[in-house]
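Below is one structure, written out as structure tokens, with a few remarks after it.
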Protein chains: 2
Amino acid sequence: MSENEGLDTKERILQAAENLFTDQGFGATSLRAITHRAGVNLAAVNYHFGSKDALIEAVFSRRLGPLNRERLELLDALEASGEMVPLDRIVESFVGPALRMAHDPSGGPVFMRLLGQTISQPRGTIRETFLHQFDEVFPRFTAAIGRCLDGVPPKEVVWRFMFMIGAMGHTMAMSGDMELMSGGLIDSGDVEGAIRRLVPFISEGLRAETLAPDGAKS
Amino acid sequence: MSENEGLDTKERILQAAENLFTDQGFGATSLRAITHRAGVNLAAVNYHFGSKDALIEAVFSRRLGPLNRERLELLDALEASGEMVPLDRIVESFVGPALRMAHDPSGGPVFMRLLGQTISQPRGTIRETFLHQFDEVFPRFTAAIGRCLDGVPPKEVVWRFMFMIGAMGHTMAMSGDMELMSGGLIDSGDVEGAIRRLVPFISEGLRAETLAPDGAKS
DNA sequence: GTCTATATAGCGATAGAC
DNA sequence: GTCTATCGCTATATAGAC
């Protein structure tokens, strides 16, 4: 029942919490269930993290920090050339690191699903903390995308950026569950296949012209 | 504190549940909170619905039935002409009814957010019931979209359909919350504006060619 | 059909021994 | 840093009066 017996208490709690939050949600997951699964004492969560909310925050910040740093490094590298950066590459820099978390055997696939789920419901107490993790990433990428979409107003870029987040997040959330949804057509473990399909979908979507209120192209 | 005092107990419970589930999630919302908000007795939920899970199911089936029926009717109307149906119109038939729920003053906007959130996390006990609501809609629309994407294998269509669901669901979930995310650029209440942007994004995304494993177009 | 009262269980959090 | 024990509270669900 307990997992990763070689790790220290704090890490075991984080991994157990990640798994249970993903399967049951935050509200429905008790500290008792977490500590039992981690094979540690009930009081350990409050000792190491202080509260359940603080534990939730720790679950996110532990992985979101490195993930968003990687995104920014990839974007930096692209923009360092000084030339016009292709839209596909920007999208890939944003989407790739998130989906490639699935390759990390130590809980990567689980956190990816958790992140995909949480992106579409940052309400309640953890909301601020969660969104704060993207304070640097969102403006950098909207700006980079906006530079590719010449003449498209910032407001339009924000809309399309939201659509991109949604397509990516849902893909992450459904990871490991696509065989069922597709009638066996899709192999959920095919991360690179997902990227090869998602990046063009988003890139072409980003380029699409907004319809005018009367139904014509704008 | 209680809402819609003119309605009967069952309806008041459903509306209160919808609101609280949307803001706090299923696990974190207690029957006490629901009955208190509805202004009815604590025992009323179990009398009218039998259990909390059955209430959750009722919250969804009440609105998802009519919504998906409308989608199918729109698709029927498009296909009745016998001519080739434009991709944009198919996408609009799927996305439009969901986003236009926001126009229904009796809880439409709230349920839209709830639906957007739940689409990306159908895990646990309500999963089967929730997905079952789409048994007819998903195959009909994937088939219709596949007919527009001549020569694209069914597997590819399923992938892209998932991206579409994600873009739409996230838009629904973020509804009412976009001012904050966009720094005041976007008016969350602009439903038709959302549709005018989302439909082209998805349509062009659906048409995008999957990259080959070596990075070339397939 | 609505109420009070309660059974039974689980919750987050903490005090204090080791 | 880990443990037991427990406080104070809330949960879902139900029994039985009205």
Side-chain angles (χ1 to χ4, degrees), chain A residues 1-62 114 118 123-130, chain B residues 1-60 62 123-127 129-130:
Chain A
M1 195 59 180
S2 67
E3 52 190 272
N4 296 298
E5 314 214 351
L7 302 172
D8 67 0
T9 299
K10 218 169 162 176
E11 192 66 22
R12 289 164 73 176
I13 290 173
L14 285 169
Q15 295 206 358
E18 212 168 60
N19 276 283
L20 290 170
F21 288 155
T22 304
D23 284 343
Q24 308 177 333
F26 304 113
T29 302
S30 68
L31 297 186
R32 286 177 158 78
I34 292 169
T35 51
H36 179 252
R37 175 163 186 158
V40 303
N41 189 271
L42 169 60
V45 168
N46 274 277
Y47 177 79
H48 286 284
F49 298 95
S51 71
K52 185 180 179 179
D53 275 359
L55 170 61
I56 294 174
E57 185 182 330
V59 164
F60 280 111
S61 59
R62 178 175 66 135
L114 179 61
T118 311
R123 298 180 186 279
T125 51
I126 33 154
R127 201 197 122 98
E128 255 63 56
T129 324
F130 180 79
Chain B
M1 194 59 181
S2 67
E3 52 191 272
N4 295 296
E5 314 213 352
L7 302 172
D8 66 0
T9 299
K10 216 168 164 176
E11 192 65 22
R12 288 165 73 176
I13 290 173
L14 285 168
Q15 295 206 358
E18 213 168 59
N19 276 282
L20 290 169
F21 287 155
T22 303
D23 283 343
Q24 308 177 333
F26 304 113
T29 302
S30 69
L31 297 186
R32 289 178 140 79
I34 293 169
T35 50
H36 179 253
R37 175 163 187 156
V40 303
N41 188 271
L42 169 60
V45 168
N46 274 277
Y47 177 80
H48 286 284
F49 298 94
S51 72
K52 185 179 178 180
D53 274 0
L55 170 62
I56 294 174
E57 185 182 330
V59 164
F60 280 111
R62 178 174 66 134
R123 298 183 185 276
T125 51
I126 35 154
R127 200 197 123 98
T129 324
F130 180 79

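As a basis for the values below, the full set of heavy atoms in this structure was taken, side chains included, without hydrogen atoms, waters or symmetry mates. A, B, ... follow the sequence lines: proteins, then strands. Residue 1 opens every chain.
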Legend entry - d(CD1, B/I13; P, C/dG1) in whole Å: 12 Å

Legend entry - 5' priority, DNA chain C, between B/A44 and A/L42 [closest heavy atom]: B/A44

Legend entry - Contact nearer the 5' end of DNA chain D, comparing A/H48 with B/A28: A/H48

Legend entry - A/L31 versus A/N46, closest heavy-atom pair with distance: CD1-ND2, 3.8 Å

Legend entry - Closest nucleotide among C/dC3, D/dA13, C/dA13 to the B/K52 side chain: D/dA13

Legend entry - Proximal nucleotide (of C/dC3, D/dT4, C/dA13) relative to the B/A43 side chain: C/dC3

Inset, instruction - Output the distance between atom CG (A/L20) and atom CZ (A/R37), rounded to the nearest 0.5 Å. - result: 5.0 Å

Inset, instruction - Identify whether any heavy atom of A/T29 sits under 4.0 Å from a base atom; if not, whether one sits that close to sugar-phosphate; answer base, sugar-phosphate or nothing. - result: sugar-phosphate

Inset, instruction - Might you work through the side-chain contact (heavy atoms from CB on, under 4.5 Å) test for B/L14 and B/L55, ending with a clear yes or no? - result: CA-CA 8 Å; B/L14 285 168; B/L55 170 62; 4.0 Å; yes

Legend entry - Minimum heavy-atom distance B/G27-A/A28, with the two atoms named: CA-CB, 3.9 Å

Legend entry - Spacing of A/L20 atom CG relative to C/dC11 atom P, expressed in whole Å: 11 Å

Inset, instruction - Send over the distance from A/L55 CG to C/dA13 C1', rounded to a whole Å. - result: 14 Å

Inset, instruction - Ignoring the backbone of A/T9, work out which of D/dC3, D/dT2, C/dC3 is nearest its side chain. - result: D/dT2

Inset, instruction - Respond yes when some side-chain nitrogen or oxygen of A/S30 is under 4.0 Å from OP1 or OP2 of C/dC11, and no when none is. - result: yes

Inset, instruction - Mind listing the closest non-hydrogen atom pair of B/R62 and B/E18 along with its distance? - result: NH2-OE2, 3.1 Å

Legend entry - Spacing of A/R32 atom CZ relative to C/dA13 atom P, expressed in whole Å: 11 Å

Inset, instruction - Starting from P on C/dT4, measure out to NE2 on B/H36 and report it in whole angstrom. - result: 13 Å

Inset, instruction - Would you mind reading off the distance between A/N46 atom CG and D/dT2 atom C1', rounded to a whole angstrom? - result: 14 Å

Legend entry - Among C/dT14, C/dC3, D/dA13, the one nearest B/N41 by side-chain distance: C/dC3

Legend entry - Protein-nucleotide distance (A/Y47, atom OH; D/dT4, atom P), rounded to Å: 17 Å

Inset, instruction - Grab the CD-P distance between A/Q24 and C/dG10 for me, whole Å please. - result: 14 Å

